[in-house]
Amino acid sequence: MGQVFKTFLGLFFLLITGMVGIGVVTAGIQSANARDYHADVISEIECSNFNEGVTAACMQQAIKQGYQLRINTMAYDDLGHAKRAEVILNYQYAIPALNLVTDHQVRGFAK
């Protein structure tokens with residue numbers, strides 16, 4: 001009878017370990033997706049030559065994808081056009097099996 005209890009206890013711990021492992025992998029994938037999106041936003045801003053319509057569209061798209069995006073213009077040329085901006089992307093890193101949710105941030109510069 002004791003062997004049955006040990007077997008089921010072992011299977012229970014194996015299941016818990018598997019759930020936590022899947023949660024960690026999923027959180028890593030979400031983090032990688034956020035970094036990729038951040039790089040895409042920087043690329044779009046640079047390719048559009050800091051067009052305000054493009055930055056507004058990027059911010060709206062970020063909201064749709066569950067991110068919070070801030071674009072802070074930092075440097076201007078002699079004509080008053082932006083030539084450098086800080087791009088900050090906030091996202092949540094979540095592992096549901098551990099009930100762990102933390103806010104993470106990716107920072108970069110568009111030049």
Side-chain angles (χ1 to χ4, degrees):
M1 188 68 168
Q3 189 66 26
V4 173
F5 177 71
K6 289 179 184 178
T7 302
F8 279 113
L9 188 62
L11 288 175
F12 175 73
F13 284 129
L14 186 63
L15 176 69
I16 295 297
T17 304
M19 296 287 287
V20 170
I22 289 170
V24 169
V25 170
T26 302
I29 291 170
Q30 290 173 349
S31 181
N33 289 340
R35 287 191 307 268
D36 289 343
Y37 182 74
H38 181 259
D40 290 343
V41 167
I42 288 176
S43 177
E44 283 188 41
I45 291 171
E46 290 174 344
C47 290
S48 72
N49 201 21
F50 298 92
N51 186 326
E52 291 181 16
V54 171
T55 58
C58 287
M59 290 177 138
Q60 289 176 354
Q61 183 67 26
I63 292 170
K64 288 180 184 176
Q65 292 190 8
Y67 301 132
Q68 182 184 12
L69 181 68
R70 287 184 302 178
I71 302 172
N72 302 326
T73 306
M74 300 178 65
Y76 296 91
D77 61 6
D78 295 337
L79 301 174
H81 297 85
K83 64 179 196 176
R84 182 164 294 161
E86 181 180 28
V87 180
I88 303 168
L89 181 74
N90 294 324
Y91 65 96
Q92 288 189 337
Y93 185 88
I95 302 175
L98 298 176
N99 198 21
L100 174 71
V101 179
T102 57
D103 293 325
H104 284 227
Q105 190 176 78
V106 181
R107 290 176 173 256
F109 295 93
K111 301 174 187 176

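Computation of the quantities below employed the complete heavy-atom set of this structure, encompassing side-chain atoms and omitting hydrogens, waters and symmetry-equivalent molecules.
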Shared hydrophobic cluster for Leu100 and Val24 (ILVMFWY, side-chain gaps under 4.5 Å)
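Both belong to a single hydrophobic cluster.
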
Find out if a path of hydrophobic residues (ILVMFWY) with successive side-chain heavy-atom gaps under 4.5 Å connects Leu9 to Ile16.
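Leu9 clusters together with Ile16.
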
When you compare the side chain of Tyr91 with that of Val106, does any pair of heavy atoms fall below 4.5 Å?
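Side-chain contact under 4.5 Å: yes.
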
Can you find a heavy atom in the side chain of Phe50 that is under 4.5 Å from one in the side chain of Thr73?
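They are not in contact (no side-chain heavy atoms under 4.5 Å apart), so the answer is no.
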
Out of curiosity, [X] [atom1] to [Y] [atom2], how far, rounded to the nearest 0.5 Å?
| X | Y | atom1 | atom2 | value |
| --- | --- | --- | --- | --- |
| Gln105 | Ile88 | CD | CD1 | 5.5 Å |
| Phe13 | Phe8 | CZ | CZ | 14.5 Å |
| Tyr37 | Ile42 | OH | CD1 | 11.5 Å |
| Asp40 | Arg35 | CG | CZ | 13.0 Å |

What residues form a salt bridge (Lys or Arg N to Asp or Glu O under 4.0 Å) with Glu86, not counting sequence neighbours?
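With sequence neighbours excluded, Glu86 shows a salt bridge (Lys or Arg N to Asp or Glu O under 4.0 Å) to Arg107, given in chain and number order.
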
Answer yes or no: is there a donor N or O on one side and an acceptor on the other, between the side chain of Thr7 and the main chain of Gln3, under 3.5 Å?
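Checked: pair present.
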
Answer yes or no: is there a donor N or O on one side and an acceptor on the other, between the side chain of Thr26 and the main chain of Ile22, under 3.5 Å?
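The answer is yes, because a donor-acceptor pair under 3.5 Å joins these two groups.
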
Looking only at heavy atoms, which two atoms of [X] and [Y] are closest? And how far apart?
| X | Y | result |
| --- | --- | --- |
| Ala94 | Ala27 | O-CB, 3.3 Å |
| His38 | Val87 | NE2-O, 2.9 Å |
| Tyr93 | Gly28 | CE1-N, 4.3 Å |

For residues 51-72, please give each side-chain donor-acceptor pair under 3.5 Å, one per line with the distance, not counting sequence neighbours.
{"unit_1": "Asn51", "atom_1": "OD1", "unit_2": "Gly53", "atom_2": "N", "d": "2.8"}
{"unit_1": "Thr55", "atom_1": "OG1", "unit_2": "Glu52", "atom_2": "O", "d": "2.8"}
{"unit_1": "Gln68", "atom_1": "OE1", "unit_2": "Asn90", "atom_2": "ND2", "d": "3.4"}

